[in-house]
Amino acid sequence: MTKRFLFSGIVQGLGFRPTAQRLALEKGLTGRIKNTGGGTELILCGEKQALDETVGCLASIFDIKSFSEEITDESYDDFRITHSKNDSALPFITPDLATCEECEKELFDKNNRRYRHPFISCINCGVRYSVIRRLPYDRENITMDAFNLCGKCEKEYTSVQDRRCHAQTIACNDCGPRLNMPIEKACEILKSGGVLALKNTGGYHLACRADCREAVLEIRSIKGREKKPFAVMFRNLEQIGEYCKISDTEKELLLSPARPIVLLEKLRDFDESVCGRSEYIGAFLPSDPVQLLILNDVSPLIMTSANISGEPIITDDDEIRKFGVPVLSHDREILTPLDDSVVFVSSGRLRFIRRARGYVPLAIKIDKKAKCDTLLTGGDLKSSFAYHSGEYVFLSQHFGDLEDEKAFKAYRDNIRRFANLHSFKTERVCTDAHPNYISANFLKADKKIYHHEAHCASVIAEHSLKGEVLCFAFDGTGYGEDGNIWGSEVFIYDGKSFDRIRHLDYVTMPASDEISRDCRLALSVYTGGNKIIDSAVKAGVNTVKSSSMGRLFDAVAGLLGVCAYNSFEGEGAQLLEAFAKRAQGAFEFELSWSPKDIIRQAQKATESHGKNEIALGFHLLIADLIINTAREKNIRQVALSGGTFLNRIITERVISVLEAEGFEVYTNELVPCGDGGLALGQAYIAATED
């Protein structure tokens, strides 16, 4: 019997072909296997039972599905991996994968020929998305084509039983990329208290010892990053455990091939220059051989993206030297800039803050098909775009704020690269409805989608929700259907459209970015007393009506003296949550959807309660507004999205109370609940309304 099998999904870059070859030879089968533009084609000749067992084993190992057909006009005397071809099938590209355990052992084995090889990899690990020029995923189509294999690597590459058989990133100390300085010298720079620029898989990082305050402050000066916490890279789980609480789920994330930054509760702190007043440490483990070698010698380290805050991560070798610090570089080209992904665990669920290295460009399957290749441009803050093709939404990495010229250029460039790499045609463009968004105006839009509806739809899309859904979209700002600025929206979704049923009362405020930065200014919007703002509001000059939840958080933070000015987005809200977590009790607010009334209650509370108790009471009030609305509407499916739901106190209380009462509460778990998840919601709405 001869059968052709077509495998789709993530099958390229994971050693699928050599695994298939080994299994086929073990079963005495002949045939051919090759990558295509959209997957892998396998032809097997032999007994039916052996064919079925081989394909079943492949499907189990790689968790994929196949389509098969019996053919009669082909037969083979042996089994070979043949040259790949491109085609029109939907492509799935593997993310960059952290160094596997086997390669790590070889890296530190003095008797192994790849001992301390800074680019060690195999079929199970190494760079993928950041180095691929075109499909199929073969060596001539990635940046490793610049390095000719030595005889020993060539033998491994062509040996069926070798772990590096057809490993496209294969190399060794004799034939691979080169560092511009010895690892030992880089470690000495760090040990002596210096700052080092380090070229990693998706771009440059700035590194220094986490216990060296002067070096940490130097990095803050270089980046223009005043207070925002830095992530810390540790040598291993044991070292993380000295500083942080770690659950089993968090351990799995830290050790996963994506190697994200995981926000962990502090047990022990560094100097305030590292994590500021945050209750958490953004901890992560080495993901590539260079990091492994350095962290084995000196750790823990600050390991932060090399860029000016707000700009994209630097990949250019010349640009990094402008920072004036020693540079550990190499001669393997990076084609796609990738920041580290940032996640946390809440109510046992994975939550994304930033979805990038290790997860991009993994596609998300939804139950809405796109009629044509559709570009979703996302939003301007925490920007990311997506393409919807068939049942799959392919999301880009994070690019930051598009008001920054370099961020916008990286965003545009990567739309072109993403489309070319996946062979998307951009037959339709859907954007946010905001008339002034950069992401909504650089291309002609076929459809405009409202911001908060997209937030809600992203949750519905992730979980394939059917029937009525009660949706809460709480954040800082978004353009609403009535032309006002929304941010505390409650919708009922009936499977076709969103019906807005509730929101915080509108408050007139200045139409300026400063209102989102200055917490005392935000407070004066609700209390009055600022002559400039009062005059502008009275005259209706450059003002907007807003139902923003984010500005209410800022106002309460300003009122309690928790934060006077947001040095980074959401600082006031994060500090307010930190104060609330330290409370021994809570001031009991009366339920109200009036921001001015809430502020009046908080002001009154300051006469008899401490700031911690008022902060906790405010959090419980917001949670109870959601809980009471759910009880009132009695719609059993509840969706939570928008940046406010990064807040653990509110989200965990809502989930705990409502699920105990039989509600099903859903949050974003595959994309950020902030604006980084907008493109997924845009894709769902656009396909629903087709």
Side-chain angles (χ1 to χ4, degrees), residues 226-230 244-245 263-282 344 346-347 351 353 474-476 488 504 516-527 548-592 595 597-626 642-654 656 674:
E226 185 181 354
K227 295 181 181 179
K228 190 174 182 180
F230 282 134
C244 309
K245 296 180 182 178
L263 295 189
L264 302 174
E265 190 174 342
K266 289 178 180 175
L267 285 175
R268 169 185 168 195
D269 207 354
F270 297 99
D271 182 82
E272 188 173 317
S273 61
V274 176
C275 299
R277 292 188 284 170
S278 173
E279 296 289 292
Y280 305 99
I281 293 175
F344 67 98
S346 177
S347 296
R351 306 293 308 283
I353 295 175
F474 289 2
D475 63 4
S488 57
L504 289 176
S516 65
R517 299 189 182 105
D518 193 323
C519 296
R520 295 163 299 186
L521 200 62
L523 176 62
S524 69
V525 166
Y526 302 102
T527 62
S548 171
M549 185 64 74
R551 299 298 76 75
L552 180 58
F553 268 81
D554 289 338
V556 175
L559 170 66
L560 298 181
V562 169
C563 181
Y565 195 86
N566 288 314
S567 65
F568 59 89
E569 185 184 0
E571 181 181 12
Q574 290 178 28
L575 291 174
L576 194 64
E577 182 181 8
F579 274 76
K581 285 188 173 181
R582 294 195 286 268
Q584 298 300 310
F587 170 73
E588 188 173 344
F589 282 79
E590 293 182 7
L591 289 183
S592 175
D597 178 54
I598 292 170
I599 293 295
R600 281 195 295 267
Q601 291 188 60
Q603 286 178 315
K604 181 69 175 175
T606 59
E607 299 173 4
S608 56
H609 291 74
K611 62 179 64 177
N612 293 356
E613 287 69 35
I614 299 171
L616 178 56
F618 173 70
H619 282 75
L620 299 182
L621 164 66
I622 302 305
D624 287 346
L625 291 176
I626 298 168
T644 298
F645 293 107
L646 291 172
N647 186 293
R648 301 193 198 198
I649 295 176
I650 294 172
T651 308
E652 290 175 2
R653 175 171 172 79
V654 170
S656 175

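One is the number of the first residue; the rest follow in order along the sequence. We use all heavy atoms of the structure for the numbers below, so side chains are in, but hydrogens, waters and symmetry mates are not.
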Using a 4.5 Å cut-off on heavy atoms from C-beta on, say whether the side chain of [Y] contacts that of [X].
X: Asn566; Y: Cys519; answer: yes
X: Ile626; Y: Phe645; answer: yes
X: Ile598; Y: Tyr526; answer: no
X: Gln603; Y: Thr527; answer: yes
X: Asp269; Y: Val274; answer: no

task = Output every pair passing salt bridge (Lys or Arg N to Asp or Glu O under 4.0 Å) with a member in residues 551-572, not counting sequence neighbours, ordered by first then second residue.
result = Lys382-Glu569, Arg551-Asp554
Gap between atom [atom2] of [Y] and atom [atom1] of [X] - 0.5 Å precision:
X: Ile614; Y: His609; atom1: CD1; atom2: NE2; result: 7.5 Å
X: Ser524; Y: Leu559; atom1: OG; atom2: CG; result: 12.0 Å
X: Cys563; Y: Leu575; atom1: SG; atom2: CG; result: 5.5 Å
X: Ile650; Y: Thr644; atom1: CD1; atom2: OG1; result: 6.5 Å
X: Leu591; Y: Gln601; atom1: CG; atom2: CD; result: 9.0 Å

message = Minimum heavy-atom separation for Ser567 and Lys227, please, with both atom names.
response = OG-CB, 3.4 Å
key: Residue pair Asp475 / Gly643: nearest heavy atoms and the distance that separates them   = CB-N, 3.7 Å
For [X], side chain to side chain contact (heavy atoms under 4.5 Å, CB included) partners two or more places apart:
X: Lys245; value: Glu265, Leu267
X: Arg582; value: Glu279, Ala578, Phe579, Asn612
X: Arg653; value: Leu620, Ala623, Asp624, Ile627, Val657

Looking at residues at least two apart in the chain, or sitting in another chain, which of them share a side chain to side chain donor-acceptor pair (under 3.5 Å) with [X]?
X: Arg648; result: Tyr280
X: Ser346; result: Glu652
X: Asp271; result: Arg213, Ser273

request  = Applying ring-ring contact (aromatic ring centres under 6.0 Å, His included), name anything that partners Phe589, two or more places apart in sequence or on another chain.
outcome  = Phe587
inquiry  = Taking ring-ring contact (aromatic ring centres under 6.0 Å, His included) as the definition, give me every residue that meets it alongside Phe553, ordered by chain and number, with sequence neighbours left out.
reply    = Phe618, His619
task = Just jot down the salt bridge (charged side-chain N to carboxylate O under 4.0 Å, His left out) partners of Arg520, sequence neighbours excluded, or say none.
result = Asp518
request  = If a pair satisfies side chain to side chain donor-acceptor pair (under 3.5 Å) and one of its residues is in residues 583-592, list it, with sequence neighbours excluded.
outcome  = Ser592-Asp597
